[in-house]
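What follows is a set of notes on a single structure, which appears directly below.
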Amino acid sequence: MKVAYIDQYKETFGVQPICDVLAETDAPTAPSTYHAARNREPSARSLRDEEITKELRRIHEANYGVYGARKVHAALLREGHEVARCTVERLMRAVGLREVIRAKGPRTTRPAPETDRPADPVERQFTASAPNQLWVADITCIRTFSGWVYAAFVIDVFSRMVVGWQAATSLYTDLALDALEMAIWRRRHTGADLTGLTHHSDRGVQYRALRHTEVSNMRPPWPRSAPRATRMTTPWPRRSTACSRPN
């Protein structure tokens with residue numbers, strides 16, 4: 001460490017003045033000690049460290065710079081390199097290589113207050129004998145290079161087909177409603193009869209919002225609502241202009 005310090009500043013101050021200053025500290029160094037260290041043949045450990053460091057850089061770069069010491073060490077062992085994990089950690093720390101920590105995704109469901117919770121007509125029996133008998137809905141989040149994207153889906157239980165969907169960069173209030181209206185619009189334009197349809201969702205605030213409830217509680221051809229859930233979510237920001245409802 002002292003040798004590297006002297007190497008850094010010797011062109012500006014010279015070796016002897018630096019050693020004179022170091023003599024007044026807790027780490028005194030004589031010029032002869034410095035020159036001996038510079039002229040000494042590299043040790044077997046330093047040569048080994050240099051060899052392993054090259055392999056560390058190669059593996060780290062080959063895996064998009066996201067591997068940490070554990071995965072780099074495993075890759076080295078698979079390639080036949082005998083090296084301790086503590087050595088990998090030490091060398092990666094010395095050259096500034098580190099893993100990419102995966103951020104936790106945002107929560108998409110926050111339960112609404114427990115007042116006036118709708119009943120569960122399907123009684124957790126997610127089966128259907130024909131199309132448009134039971135739809136289930138949910139909201140999820142997708143990680144992209146530009147950030148998180150929120151997607152609302154409506155699925156027909158009979159065919160497992162996604163009949164309605166909407167995506168946005170923010171969890172706005174009407175995201176779930178837009179997906180439901182899209183599903184209704186698509187099925188009505190094929191001449192489908194939605195009489196008796198049950199629309200099942202969790203009890204998140206998006207599905208129990210006033211506007212969503214007004215639509216889902218209307219008489220056929222609109223579906224009936226049956227919110228249920230045990231998951232929790234975050235509040236949503238204002239509505240995004242990136243999504244639009246079908247005409």
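Numbers for residues simply follow the sequence, beginning at 1.
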Q. So which pairs with a foot in residues 8-56 pass ring-ring contact (aromatic ring centres under 6.0 Å, His included), sequence neighbours left out?
A. Tyr5-Tyr9
Q | More than 12 heavy atoms of other groups within 6.0 Å of Lys10 NZ | A | yes
Q: Check step by step if side chain to side chain contact (heavy atoms under 4.5 Å, CB included) holds for Gln133 and Phe158.
A: CA-CA 8 Å; Gln133 286 187 351; Phe158 176 76; over 6 Å; no
(Q) Once salt bridge (charged side-chain N to carboxylate O under 4.0 Å, His left out) is applied, do any residues pair with Arg98, and if so which ones, sequence neighbours excluded? (A) none
Q. Do Ile142 and Val162 sit in the same hydrophobic cluster, where Ile, Leu, Val, Met, Phe, Trp and Tyr count as joined when their side-chain heavy atoms come under 4.5 Å apart?
A. no
Q: Show your working on side chain to side chain contact (heavy atoms under 4.5 Å, CB included) between His60 and Val66 and close with a plain yes or no.
A: CA-CA 7 Å; His60 195 261; Val66 301; over 6 Å; no
**Q.** Gap between atom CH2 of Trp148 and atom OG1 of Thr140 - 0.5 Å precision
**A.** 9.0 Å
(Q) Run the salt bridge (Lys or Arg N to Asp or Glu O under 4.0 Å) test on Glu89 and Arg85 for me, step by step, so that the C-alpha distance in whole Å, both residues' side-chain angles and the decisive distance to 0.1 Å come before the verdict. (A) CA-CA 6 Å; Glu89 294 173 349; Arg85 177 169 169 176; 3.3 Å; yes
Q) Between the side chain of Asp193 and the main-chain N/O of Thr195, is any donor-acceptor distance below 3.5 Å? A) yes
(Q) Taking the side chain as everything from C-beta on, heavy atoms only, tell me whether Asn63 gets closer than 4.5 Å to Lys71. (A) no
Q. Is there a side chain to side chain contact (heavy atoms under 4.5 Å, CB included) between Arg187 and Leu194 once you walk through the steps?
A. CA-CA 8 Å; Arg187 286 301 169 98; Leu194 302 184; 4.1 Å; yes
Q) Does a donor on one side chain sit under 3.5 Å from an acceptor on the other, for Glu50 and Ser46? A) no
**Q.** Derivation of the side chain to side chain contact (heavy atoms under 4.5 Å, CB included) call for Leu56 and Val95
**A.** CA-CA 10 Å; Leu56 295 180; Val95 297; 5.6 Å; no
Q: Heavy atoms only: give me the nearest Phe126-Val157 pair and the separation to one decimal.
A: O-CG1, 3.4 Å
Q. Which atoms form the tightest heavy-atom contact between Ala152 and Ala176, and what is the distance?
A. CB-CA, 4.2 Å
Q: For Thr127 and Leu134, work out which heavy atoms get closest and say how close.
A: O-CD2, 4.1 Å
Q. Would you call Ile59 and Leu76 a side-chain contact if the rule is heavy atoms closer than 4.5 Å?
A. yes
Q | Interatomic spacing from CZ in Arg57 to CD1 in Ile52 - rounded to 0.5 Å | A | 13.5 Å
Q) Hey, does Met182 have a side-chain heavy atom less than 4.5 Å from the side chain of Trp165? A) yes
Q: If a pair satisfies salt bridge (charged side-chain N to carboxylate O under 4.0 Å, His left out) and one of its residues is in residues 29-43, list it, with sequence neighbours excluded.
A: Asp7-Arg38
Q | Validation row: Tyr150, Leu175 side chains within 4.5 angstrom (heavy atoms) | A | yes
Q.
Do Val154 and Val136 make a side-chain contact, defined as non-hydrogen atoms from C-beta onward lying under 4.5 Å apart?
A. no
Q) Atom CD1 in Ile6, atom CG in Leu22: separation rounded to 0.5 Å? A) 5.5 Å
(Q) Give me the atom names and distance for the closest heavy-atom approach of Pro31 to Gln16. (A) CG-OE1, 3.0 Å
Q.
One thing to verify: whether Glu79 and Arg58 come together as a salt bridge, which I'm taking to mean a side-chain N less than 4.0 angstrom from a carboxylate O.
A. yes
Q.
Once rounded to the nearest 0.5 Å, what's the spacing between atom OG1 of Thr198 and atom CG of Asn132?
A. 11.5 Å
Q) Do the side chain of His189 and the main chain of Trp185 share a donor and acceptor less than 3.5 angstrom apart? A) yes
Q: To the nearest 0.5 angstrom, please state how far the CD atom of Glu55 sits from the CG atom of Leu91.
A: 12.0 Å
Q. What is the distance from atom OG1 of Thr53 to atom CD of Glu51, rounded to the nearest 0.5 Å?
A. 9.5 Å
Q.
For a salt bridge (Lys or Arg N to Asp or Glu O under 4.0 Å) check, start with the C-alpha distance between Arg160 and Asp156, then their side-chain angles and the critical distance, and finish with the verdict.
A. CA-CA 5 Å; Arg160 298 297 193 270; Asp156 190 316; over 6 Å; no
